[in-house]
Student: 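Provided herewith is a single structure, encoded as structure tokens, for subsequent inquiry.
No experiment lies behind these values; they were computed from the predicted model shown. Per chain, numbering begins at 1; letters A, B, ... match sequence-line order. Below, each value reflects all heavy atoms present in this structure, side chains not excepted, and no hydrogens, waters or symmetry copies.
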Amino acid sequence: MPELPEVETVRRYLAASLPGKSITAVDVQLPRLIRNRTAEDFAASLPGCTFTAVARRGKYLSLMLNSPWCLLVHLRMTGRLIYESDTTAPLPPYTRIVFTLNEGRLVYGDVRTFGCLWIVPAAGPTGISGYDSLGPDGLSEDFTADYLWQQVHGSRRLIKALLLDQTCLAGLGNIYADEALFLAGIRPSRRCSRVTRKESQRLYEAIRTVLTEGLENGGTTVFNFIDGSGKEGKNQENLRVYGREGQPCPVCGATIVYKKQGGRGTHYCPVCQK
DNA sequence: CAGGCCCTGCTT
DNA sequence: AAGCAGGGCCTG
């Protein structure tokens with residue numbers, strides 16, 4: 001479910017609660033979520049480690065430990081990481097992994113169980129191709145208007161496919177891609193080669209805008225996103241086209257269109273977006 | 001580049 | 001009962 005603003009929202013909660021706490025036990029209830037270790041190795045290697053920091057690149061979270069290794073997590077569609085100080089309460093529904101800490105617990109929950117966890121070196125390449133090949137993070141300084149233009153200019157793909165390509169730009173998903181293209185006035189089905197430099201500049205600004213807005217609103221809860229403390233986001237109230245098919249465009253009043261593109265639900269205004 | 005697949009639950 | 005869901009990877 002979560003895209004960059006949602007993952008960053010989770011990161012902030014975890015960064016405020018985890019550092020200094022140490023792992024005393026790990027209960028892996030669904031072993032296949034652990035990708036590059038056996039569940040047994042995973043559960044055995046973490047106790048004794050203390051969290052030092054929580055970092056994020058794109059949609060990946062790195063839970064840093066006082067060791068040469070760190071815990072890398074991708075929430076995919078429905079993953080949740082929640083810190084709970086009360087360890088006596090019943091575990092939340094769909095709990096898949098429980099990290100018992102010296103103070104409280106860290107609970108990984110996941111309805112659709114697409115999430116992934118890895119133990120990777122804290123520095124240098126991780127060997128996880130999706131992570132090692134990430135492009136610049138959408139909110140980092142490395143992501144510049146010139147960079148976006150370079151990517152757009154040299155490509156024959158459709159613009160929305162480019163935005164969703166994590167090796168080009170890390171962090172955008174289906175919702176924020178549709179929202180950014182709406183703000184920039186560009187049809188999701190436009191060829192990159194037909195996007196002008198000026199439009200690319202507008203698109204750059206639109207991407208920064210939707211990501212920042214999403215973050216300021218604590219993320220977008222369409223189905224079931226919740227932050228690191230279990231609260232829902234408010235950004236869904238802010239969406240301009242996503243999930244608004246059949247409703248009037250907030251700018252021109254035309255009916256928002258829904259189409260499948262590249263297998264993904266795609267929303268746009270047929271008048272504002274050329 | 002489209003399509004299938006990993007899963008479960010909710011909506012039509 | 002079928003189709004849909006915000007991701008990513010693998011296949012043809």
Side-chain angles (χ1 to χ4, degrees), chain A residues 1-10 29-36 56-61 72-81 92-97 108-118 126-135 137-138 155-182 188-193 207 210-211 213-215 217-227 232-246 258-268:
Chain A
M1 74 192 120
E3 306 178 36
L4 188 155
E6 291 73 41
V7 179
E8 176 62 15
T9 301
V10 172
Q29 301 181 13
L30 190 59
R32 63 181 159 72
L33 300 182
I34 314 298
R35 292 313 173 100
N36 64 344
R56 181 193 58 77
R57 272 183 67 197
K59 303 170 194 169
Y60 289 82
L61 283 170
L72 184 65
V73 182
H74 196 301
L75 303 173
R76 294 289 182 104
M77 304 283 263
T78 53
R80 299 170 161 184
L81 264 181
Y94 308 106
T95 293
R96 310 299 187 186
I97 302 172
Y108 179 81
D110 197 337
V111 174
R112 289 173 69 185
T113 71
F114 286 173
C116 308
L117 296 89
W118 303 263
T126 65
I128 311 304
S129 62
Y131 183 82
D132 290 339
S133 66
L134 285 176
D137 184 85
S155 172
R156 302 189 340 272
R157 317 163 72 180
L158 307 183
I159 186 69
K160 182 175 174 182
L162 186 85
L163 295 186
L164 291 177
D165 180 349
Q166 304 296 300
T167 68
C168 168
L169 168 61
L172 273 198
N174 206 35
I175 296 179
Y176 292 99
D178 280 3
E179 293 293 306
L181 286 165
F182 171 76
S189 56
R190 183 102 67 90
R191 289 268 157 213
C192 285
S193 54
I207 291 167
V210 297
L211 291 178
E213 266 182 15
L215 189 51
N217 287 309
T220 300
T221 301
V222 169
F223 292 102
N224 49 13
F225 167 72
I226 50 175
D227 65 30
E232 297 196 336
K234 293 198 301 275
N235 198 55
Q236 56 278 11
E237 298 159 20
N238 229 359
L239 300 180
R240 296 162 175 93
V241 288
Y242 184 85
R244 301 209 181 276
E245 58 269 30
Y258 172 88
K259 270 191 187 146
K260 281 265 181 199
Q261 180 181 317
R264 314 301 299 277
T266 298
H267 313 73
Y268 64 92

Student: Taking the side chain of A:R157 as heavy atoms from C-beta outward, which of C:dA5, B:dC1, B:dT8 is closest to it?
Tutor: B:dC1
Student: For the side chain of A:R112, starting at C-beta, report the closest nucleotide among B:dC7, C:dC9, B:dG9.
Tutor: B:dC7
Student: Rounded to whole angstrom units, what separation is found between the CG atom of A:L164 and the C1' atom of B:dA2?
Tutor: 14 Å
Student: Provide, to the nearest angstrom, the distance between the CH2 atom belonging to A:W118 and the C1' atom belonging to C:dG8.
Tutor: 9 Å
Student: So if I take every side-chain heavy atom of A:T113 and compare against B:dC7, C:dC9, C:dA5, which nucleotide ends up nearest?
Tutor: B:dC7
Student: Hey, could you give me the CG/CG distance between A:L117 and A:L61, rounded to the nearest 0.5 Å?
Tutor: 10.0 Å
Student: Among C:dG8, C:dC4, B:dG9, find the nucleotide with the atom closest to the side chain of A:Y258.
Tutor: C:dC4
Student: Please tell me which of the listed nucleotides, B:dC7, C:dC4, C:dG8, lies nearest to the side chain of A:R32?
Tutor: B:dC7
Student: Between B:dC1, B:dT8, C:dG8, which one does the side chain of A:R191 approach most closely?
Tutor: B:dC1
Student: Show your working on side chain to side chain contact (heavy atoms under 4.5 Å, CB included) between A:K260 and A:T266 and close with a plain yes or no.
Tutor: CA-CA 6 Å; A:K260 281 265 181 199; A:T266 298; over 6 Å; no
Student: What is the distance, to the nearest angstrom, from the CZ atom on A:R76 to the P atom on B:dG9?
Tutor: 19 Å
Student: Checking A:D110 now: which residues fulfil salt bridge (charged side-chain N to carboxylate O under 4.0 Å, His left out) with it, not counting sequence neighbours?
Tutor: none
Student: Whole angstroms only, please: what is the CZ-P distance between A:R96 and B:dC7?
Tutor: 11 Å
Student: Students often get this wrong, so: under 4.0 angstrom with heavy atoms, is A:R35 touching a base, only sugar-phosphate, or nothing?
Tutor: nothing
Student: Taking atom C1' of B:dC7 as reference, at what distance in whole Å does atom CZ of A:R80 sit?
Tutor: 15 Å
Student: Could you tell me whether A:G262 contacts a base, only the sugar-phosphate backbone, or nothing, with contacts defined as non-hydrogen atoms closer than 4.0 Å?
Tutor: sugar-phosphate
Student: Regarding A:Y176, tell me which of base, sugar-phosphate or nothing describes its non-hydrogen contacts under 4.0 Å with the strands shown.
Tutor: nothing
Student: Can you measure A:N174 atom CG to C:dA5 atom P for me and round it to whole angstrom units?
Tutor: 8 Å
Student: May I ask you to establish whether A:R57 and A:Y131 are in a cation-pi arrangement, using a distance under 6.0 Å from NZ or CZ to the six-membered ring centre and at most 45° from the ring axis?
Tutor: yes
Student: Using the P atom on both, measure B:dC7 against C:dC10 and round to a whole Å.
Tutor: 16 Å
Student: Send over the distance from A:R156 CZ to B:dA2 P, rounded to a whole Å.
Tutor: 13 Å
Student: Could you check whether A:R56 pairs with A:D137 (Lys NZ or Arg NE/NH1/NH2 to Asp/Glu carboxylate O, under 4.0 Å)?
Tutor: yes
Student: Does the ring of A:F114 lie flat against the base of B:dC7, closer than 5.5 Å centre to centre with planes under 30°?
Tutor: no
Student: Going by heavy atoms in the side chains, are A:L169 and A:L162 under 4.5 Å from each other?
Tutor: no
Student: With the side chain of A:K59 defined as its heavy atoms from C-beta on, choose the nearest nucleotide among C:dG8, B:dG9, B:dC7.
Tutor: C:dG8
Student: Do A:R244 and A:E179 sit within salt-bridge range, that is, some charged N less than 4.0 Å from a carboxylate O?
Tutor: no
Student: Measuring only between side-chain heavy atoms, which start at C-beta, is A:I34 closer than 4.5 Å to A:I97?
Tutor: yes
Student: Provide, to the nearest angstrom, the distance between the CG atom belonging to A:D132 and the P atom belonging to C:dC9.
Tutor: 11 Å
Student: Dot-bracket for DNA chain C, 5' to 3', with Watson-Crick and G-U pairs under 3.5 Å, [ ] for crossing pairs and | for other-strand pairs: what is it?
Tutor: |||||.||||||
Student: So what does A:L158 hit on the nucleic acid, given a heavy-atom distance under 4.0 Å: a base, only sugar-phosphate, or nothing?
Tutor: sugar-phosphate
